[in-house]
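Report on one structure; see the data block that follows.
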Amino acid sequence: MSASLALPHRARRLRAIPGFGLAFGIALFWLSAIVLVPLLALLLRPFELGLAGLWASLAEPRVAASLRLSFGAALLAAAIAAPLGLLLAWAVVRLRFPGRAVLDAAIDLPFALPTAVAGLAMTALLAPNGWVGGPLGEWFGWRVAFTPAGIVIALVFVALPFTARTVEPVLRDLGRESEEAAATLGATRFQTLRRVVLPALAPAILTGFGLGFARAVGEYGSVIFIAGNMPMVSEIAPLLITIRLEQFDYAGAAAIGLAMLLLAFAVLLALNLAQRALRRGQG
Amino acid sequence: MRSTFRPGRRAMLAAPALLALPARAQGVRELLNVSYDPTREFYRDYNAGFAREWQAQHRQTLRINTSHGGSGRQARSVIDGLAADVVTLALAYDVDAIAERGLIARDWITRLPQNSAPYTSTIVFLTRKGNPKGLRDWPDLVKPGVAIITPNPKTSGGARWNYLAAWASAQKHGQNPEEFLARLFRQVPVLDTGARGSTTTFVQRGQGDVLLAWENEAHLALQEFGAGQFDIIYPPLSILAEPSVAVVDGNVDRRGTRDLAEAYLRGLYAPAGQEAAAKHFYRPRDQALLQKNAERFPTLELVTIDGAFGGWAEAQRVHFNDGGVFDRIYRPGR
Amino acid sequence: MSVIVEGLVRRFGTTAALDGVSLAVRDGEFVALLGPSGSGKTTLLRVLAGLEPQEEGRVAIAGREMAGVPARERGIGVMFQNYALFRHMNVFDNIAFGLSVLPRGRRPGRAELTARVRELLRLTQIPELERRWPDQLSGGQRQRVALARALAIEPRLLLLDEPFGALDALVRREVRRWLRGLHDRLGITTILVTHDQEEAMELADRVALLESGRIAQFDTPSALLAAPATPFVAGFLGEAARLEGQVAGGVLRFRLPGLPPLAVALPDGPATAFLRPREVVAHPAPEGPLIRLVRATAEGEARLVVELAEDVTLDAVATPHGAVQGEWPRRQAACRLEITGAQVFGAGGARGMAGALRLAEVR
Amino acid sequence: MNATEDPLWFRALLVALAVLTGLLLLALPLAAVFTEALRRGGEAALAAILEPDTLAAIRMTLIVAAISVPLNTVGGLAAAWCIAKHDFPGKRLLVTLVELPFSVSPVISGLVFVLIFGLQGWLGPWLQARGIQVIFALPGLVLATLFVTFPFVARTVLPLMQDQGRAEEEAAATLGAGGWQIFRRVTLPNIRWALLAGVLLCNARAMGEFGAVSVVSGHIRGQTNTMPLHVEILYNEYQFAGAFAVAALLALLGLVTLAAKAVLERWSGRVAGEAG
């Protein structure tokens, strides 16, 4: 496990900072043992079904519906969490008000709170007889728990720290000079925000959106209590994986897992490309 | 730097040691019973009695571990290597699934009396106090405005019994059973993954007008949440639910626990086991005991899975497998 | 300690940062690597330090081949561009670092280590800074700490990467003198990277001028100025202006009007001349190119910018003996230009010195 | 008024919105947990926590975290060190792979280990023949937790490491320091607060993971249950107060983590600020 592993062609290449071989060995071993080999199993298992079988297993309307729901809800949740995250980041970085430090710390709460606990709490709150669900139902006739809306709310909770925490450092870094420059050039405050601040933050917002989406799309613990789990309506893809597992359909379960992984990758890749285009447009 | 890390490292090593249980005494034998959700309370009672008796007879301390969860998930865990000595699951189908992988002898169902089901149950309605919607029989459930709570038959054994009971009733009333079930499931607002989840949704979250539940779950809900809030309604016809028990041959032979496992299951048929079952609202096989508790276990017409559906394998294939009737119910466009 | 570099190549992707560099530095010499940004001078320094791999060519330091020898084993003192002080260590610990990572057998004891660090603090004239943290230091102080740290390992070769970049002009001059004095005292072979020619000329025994990954010329400062080997060297040094012209019969005539012809020993054909401001003298005249800007210098002479044509200007000096003292030189006045000397390169790269044409030679 | 200052009403609106978001999305669920936990009084909550099965779950959670967090710290640091301080082919790929577990559903994270170590998987039969239990035992719980918490340390440390550049490490190398010496004496001190914050987050997630662990746990009462799984079990036993009591304990751990992280950040900020 030395540098030769990484560089088969140049056995003894000189490195500026020593210690690469050992560290790279550890990193590679750790990565392979914990991530790569397990995911390889996920990659290979579905093909036991054969390509046609794999396709049939994924083309089933319920699977398609659950994938649509999982990805749709996650995208929507990330889209809601992005402006909320921007708002929180802005408040924490730019505004001074009592309780700012508490709000700052609270942003990480969904990171630290176990997802099952979050799910239970959300359900307790949003159920038709809960603190929030009750008034919502009584006053507006809205039902949130056990509907896709409940899923989206749970996912917003999960995605929020990702969107807020990616924007925050960039905002902190941005400083006020460019805004001041814009002001001296005669821009109104709104023009400054729209044409100077927002574009500067856009890549970070996009990154946060992507991370929040990635985290939300696979979420299980906090969603399962509140989802309602109705086939074709509020059944998320991870639940379908468990359902398949319970029918002893390992390959089918892995197939959905693989599909989720690939779809998530495609979305993240698209975001990455969009971000690169965004940066290029600015550079 | 160095000085700040050291105590941390020590504390980290110390923490688990602090909580560690004392080393297990010698001569302790262990048994793992992998069961499904609603049996927790029952087996906690039964385990205590059985361990006492075993201790008295064999001078061995027993430590009986239990694992509870959805019946299907539990069967899957055993298939994947959970080292269960006995399984006590909701359906014969789940035990069959384990047997198919060679961990249990194929003829398991005949190895113990009465289809290897030492206690039975049935499916009943749990309604709000006073049964405000007037639900007496299965056809009442699909009246407009009735919200039904039942778990997902794909993930819950109990839900499959619910489903089949409804099917049998529709057949008896001369309705198209598939249409009846489609209507019924359209009135289900929440489809939990397990029987316990459904009970919580109905009782705790106040969802729905009626919960389709195991008889024992309904009684337990009354006991836990106050008898004044709910009524148990017995429909004229329901299904005989036979939760199956079996020794996991592959594991007991490896672990040397066959004697213990077999005694454990046989004990379920013994008076103590039957009484514990009755106490926890499972219908005992012992007819005398059943008569004695007639008030708790009213007589009703019960169809059997073998009689009405041609056995579990067939029922599973027709109704619950991917592409089966249950999936058709949720086809878009209906 | 001598440094020999031969045919060194280092590529980043497809661009070659070093494209066949050869250089021989003598023991105890102070050499400057001078060049515009991107010419490869820092890369060369990093290869010498062992921070970049050498892909082709060889490096030998004190006769020892350096290929495959990692930085930590080279015993070369490096002063980094922004000093790279360890921000979490105070000045003392920064300087002591090199000694404290020696193999156990050679590692000095606490008392000896303290003594050595104190000595270095004295040498670099910052004993009072011993307990300060890097971010409490001024640029000049940081530089001294960085130097003391590099000297702590008793290097046989000292590499300095733009060491004066972060200093203001006044401090710069002072620190430069001090550094050269220190070098003369310690006698450590020193290689300095800089883009500032004044710095290179003042500090170094010899200057290597780099142009896009190659050494254009390696010589003493005076030789570089007197005899630049290539048009690039001539253009880079001494703020020279570049002018195109034609040689015919030993006479160079410029393409632009207003400039007198020059005598040059080059064959006929196109040629490029590099004129330093000091070599162009403006005399008052009734007509001719106009003076656009006038700037007085501390040396008492007047520097001019003369407009030769639309958007083409040339730096020049004014004759102090104007026709009307006090009025000359002034903006918008016409002048006559005299050229006292120039570096001229012919079409093939042949170099010729040029001088003013004596009247007799004008045909 | 400053040129870049928004009008007061606008700032007040923003603050109100931010605080409202914080209250609704963040504080309310937390409040719900604690209210439910204390519904039957503090003593009932305490009794639920002191129950032997709960204690066993707490013990299991601590053991799993105590094993997986240090492992992920070492691995994460090694990866971050390679990425930030060295050049090698496939570096971008390594960065992506390190982040990969973030985008993998927890259920899948558990599933992959079942696919490998399960009796129907690649290694299951071989392991069982040798009496080695991986899933449905501690190793499985640790593996699933490792997978889920994999990116935390690397991701918290990496930006800072990249930001700090390599100059100090290169300087140390020219001064004769070896790889380990550079790492321990130059890199590590520079990132220690970020590292600690990463470790804390990693720990919080390790203790709170539900989905992945649920798949590989086997749910043996008193043996392979971690705290989040025990919450579910208690909940399913209609012991709502007990379930929320354990949940509150978990939430409390999370809050302590956050507080510690906030203090760390403030502290490191002050240290840097003082020096500068």
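So you know, we letter chains A, B, ... as the sequences are listed, proteins then strands, and number each from 1.
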With a 4.5 Å cut-off on heavy-atom pairs, point out which of C:L85, C:L159, C:D93, C:L102 contacts chain D the most.
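Highest number of heavy-atom pairs under 4.5 Å: C:L85.
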
Report the option among C:G98, C:G77, C:A49 that has the most heavy-atom pairs separated by less than 4.5 Å from atoms of chain D.
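Looking at each of C:G98, C:G77, C:A49 in turn, C:G98 comes out on top.
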
Within the supplied structure, the quantity of interest is the number of heavy atoms (other residues, nucleotides, ligands) at a distance under 6.0 Å from C:R156 CZ; does it exceed 12?
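Open: at most 12 neighbouring heavy atoms sit under 6.0 Å from CZ of C:R156.
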
Give a yes or no on this: more than 12 heavy atoms of other residues, nucleotides or ligands lie within 6.0 Å of atom CZ of C:R106.
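Not buried by this count: 12 neighbours or fewer within 6.0 Å.
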
Residue part contacting chain C, namely of D:R185, when any heavy atom lies under 4.5 Å:
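Both parts, heavy atoms under 4.5 Å.
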
Heavy-atom distance under 4.5 Å to chain D: side chain of [X], backbone, both or neither?
X: C:L99; answer: neither
X: C:M79; answer: neither
X: C:A152; answer: neither
X: C:F86; answer: both
X: C:R132; answer: neither
X: C:I153; answer: side chain

Residue by residue, which of residues 72-79 of chain D have a heavy atom closer than 4.5 Å to a heavy atom belonging to chain C?
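Under the 4.5 Å heavy-atom cut-off, nothing qualifies.
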
Heavy atoms under 4.5 Å from chain C: which residues of residues 144-164 of chain D carry them?
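Only D:Q164 of residues 144-164 of chain D have a heavy atom under 4.5 Å from chain C.
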
If we ignore hydrogens and angles and just use 3.5 Å, is the side chain of C:H88 paired with the main-chain N or O of D:I191 as donor and acceptor?
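No, the answer is negative, given that no donor and acceptor are paired below the 3.5 Å cut-off.
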
Check whether any side-chain N or O of D:Q181 sits under 3.5 Å from a backbone N or O of C:V101 as a donor-acceptor pair, and report yes or no.
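Yes; judged by distance alone, with no hydrogens or angles, the pair exists.
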
Minimum heavy-atom separation for C:A84 and D:A171, please, with both atom names.
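Closest pair (atom of C:A84, atom of D:A171, distance): O-CB, 4.0 Å.
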
Can you give me the closest heavy-atom contact between D:A177 and C:F97, atom names plus distance?
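Taking every non-hydrogen atom into account, CB-CE2, 3.6 Å.
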
Check whether any side-chain heavy atom of D:T174 sits under 4.5 Å from a side-chain heavy atom of C:R74, and report yes or no.
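The answer is no, as the side chains (C-beta and beyond) never meet within the 4.5 Å cut-off.
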
How long is the span from the CG atom in D:L175 to the CZ atom in C:R72, to the nearest 0.5 Å?
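Atom-to-atom, D:L175:CG and C:R72:CZ are 11.5 Å apart.
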
How many angstroms lie between atom CG of C:D161 and atom CD of D:E170, to the nearest 0.5 angstrom?
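Those atoms lie 10.0 Å apart.
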
